[in-house]
Participant: 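Okay, here's the structure, questions in a sec.
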Amino acid sequence: MVTPSFASALNRILSAKPSPEALRLAERYGYLPYMVERYIRMLGPQGARELLEANEEPMPETIRCNDYLIDCGELAERLQGKGFELAPLRFAPHGYEVLSSPVSVGATHEYLLGYYYVQDPASMLPVYELGPRPGELILDMAAAPGGKATQILQLAMDRARLIAVDISRRRLRALRSHLSRMRFSNYVILRADSRTLGFNGVFDAVLLDAPSTGEGIIRKDPARKKSRSPTDLKLVASLQRELLEAGVEYLRPGGRLVYAACTLAAEEGELVVSSILEEREDLEVESLSISHEPGVEEFMGVEFDPRVRRCGRLYPHIHGTEGFFVCKLRKRPG
Amino acid sequence: MQAEKEARLRKPRPEELDAIMRFLRGLGVDTVNPPVEVESLGLLEVPGAVYRDVFEVPEWITVKPEVYELLYATGYYIGLIAYRRGQPVFKPGLPLAHRLSRLCGTVMECHVVDEAGERILLYGKPVPLDLTLSVAGGVSVVVNTRNEALGWARLRVRGGKGYLEPLLDLGWYLRRGG
């Protein structure tokens, strides 16, 4: 449900007129001006320029080794033997950057055997924060195409019990295929709207890798510089809020939820989390283990719940990743 | 092709279980102690669909009737049951090939391909026998020299020349776009 305060906060943030500097930079880099204005307000003019420059660099290709099936050192050796040049990712234990490859990264025999998943670097981090454990009942609310669902089962050695939900039949095909390819079996896939599952108070852990504007992956998909209007942003943020509202209900007391979105927009990050924190008394925000910039406590004159400072932001120009927001919530026991 | 309506999960009928066991026996696998957990098998039935996926359903799944219609897939995929002239026929899946590959060279014979044969097979193309290191009779799991399962193939002879006809290979994951 979209509350009046959430809607008015969204409108307030998105009502700012682009400055001359924002218009100039938007023209130069090919963005919608409202996006650049928001970067300037968030990072300052210099930070905004650095972000825009970093977004011009193509994303590195990265893979996540599936150590449920193969030792990561062995996988690296096999791929290097085939002419791949790899570098371990310093912040993701199973991650490798593909510096060069003689063939498409998703076309090797090792890929077909399920030994790795092609996954963006920051996208690997939410599941490490979730920390899935064997025996736990875990919900992945927007599971397709399966990067994080497979990672959940990998970290729990296929001994967590995963309910993977998505609404798109086309994307569910990919989810099922990846789970099968990587030889996981302790799951059930439901085709459903995660807002209305009705599994209240049941899960030890919930992952909400929310559908987003994808503003964070401009490096990979430059069309996103211009493909999302403020109206689109409002719609997406409203959906994210509804999903998070439901996800928190699905947690058992003491359970944890990781909310993630591939975006730098505060509307999709701090505003969504803050609006849920403000209407509940049973949630805490936990510190993250990854290196990150803190969540912003105020944006465009809208103040957020101060606890969002413990959420995390990843920036292309600071961390070398896609733009990302992640937050870990805990439901108080009892 | 699966129909559009949602699925329901049910136990295999005796004749469907027989079809699965018959297939495994044809591979030389011991069906007294089969490599699939018979008690946990579930068929995903979609009204109007031409086949039924078979899974080893995790024991913690107790799917309530109201959730059935949401069910898309679950557990370890074994293969599918199709009906021909009213009789069930079992077609194995890729995960089953992985599981059975552990038995290659012990209780069952498998097709073993060399590196060149592996490349050809993963394009879904027939593999000439000179690119194999050993072959089983008929349908069996195909493995590489590391004993990694690459799929299923049938030994065929045409014009006096033998070859492996791929039935299902790992390249399917790419060709299907999944």
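Remember, it's a predicted structure, so these values are computed and weren't measured experimentally. Hydrogens, waters and symmetry mates play no part in the numbers below; they use all other heavy atoms, side chains included. Lettering follows sequence order; numbering is per chain, from 1.
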Participant: Rounded to the nearest 0.5 Å, what separates atom CD1 in I189(A) from atom CG in L70(B)?
Facilitator: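 Spacing of CD1 (I189(A)) from CG (L70(B)) equals 13.0 Å.
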Participant: Quick check for you: among R146(B), R119(B), R99(B), which has the greatest number of heavy-atom pairs under 4.5 Å with chain A?
Facilitator: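 Ranked by heavy-atom pairs under 4.5 Å with chain A, first place is R146(B).
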Participant: Would you name the heavy atoms of Y72(B) and R191(A) that are closest together and state the gap between them?
Facilitator: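 The pair with the smallest heavy-atom distance is CB-N, 4.4 Å.
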Participant: Any idea which heavy atoms bring P58(B) and S185(A) closest together, and the distance?
Facilitator: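 Of all heavy-atom pairs spanning P58(B) and S185(A), the closest is CG-O, 3.4 Å.
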Participant: Can you tell which part of L122(B) gets under 4.5 Å to a heavy atom of chain A, answering side chain, backbone, both or neither?
Facilitator: side chain
Participant: Roughly how far, to the nearest 0.5 Å, is the CD1 atom of I163(A) from the OG1 atom of T74(B)?
Facilitator: 8.0 Å
Participant: Is there a side-chain contact between L190(A) and L71(B) in this structure, where contact means two heavy atoms from C-beta onward sitting under 4.5 Å apart?
Facilitator: yes
Participant: Rounded to the nearest 0.5 Å, how far apart are CG of N186(A) and CD1 of I61(B)?
Facilitator: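 Nearest 0.5 Å value for the CG-CD1 distance: 7.5 Å.
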Participant: Are any of the side-chain heavy atoms of L94(B) and R181(A) separated by less than 4.5 Å?
Facilitator: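 They are not in contact (no side-chain heavy atoms under 4.5 Å apart), so the answer is no.
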Participant: Please find the pair of heavy atoms, one from Y77(B) and one from R176(A), that lie closest to each other, and give the distance.
Facilitator: CE1-NH2, 3.4 Å
Participant: To the nearest 0.5 Å, how far apart are CZ in R183(A) and OH in Y76(B)?
Facilitator: 7.0 Å
Participant: Counting neighbours of OH on Y123(B) that are heavy atoms of other residues, nucleotides or ligands and sit closer than 6.0 Å, is the number greater than 12?
Facilitator: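 Atom OH in Y123(B) is not packed in, count stays at 12 or less.
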Participant: Measure the CD-CD distance between E110(A) and E148(B) for me, rounded to the nearest 0.5 Å.
Facilitator: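 So the CD of E110(A) and the CD of E148(B) are separated by 7.0 Å.
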Participant: Taking all non-hydrogen atoms of both residues, which atom of L170(B) and which atom of L112(A) are closest, and how far apart?
Facilitator: O-CD2, 3.5 Å
Participant: Measuring heavy-atom distances to chain A, does E56(B) have an atom under 4.5 Å in its side chain, in its backbone, in both, or in neither?
Facilitator: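 For E56(B), neither part sits under 4.5 Å from chain A.
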Participant: Check L113(A) against A149(B) and note the closest heavy-atom contact, atom names and distance.
Facilitator: CD2-O, 3.4 Å
Participant: Do the non-hydrogen side-chain atoms of L137(A) and W60(B) ever get within less than 4.5 Å of each other?
Facilitator: yes
Participant: If I measure from the heavy atoms of chain B, does A107(A) come under 4.5 Å with its side chain, its backbone, both, or neither?
Facilitator: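 Interface part for A107(A): both.
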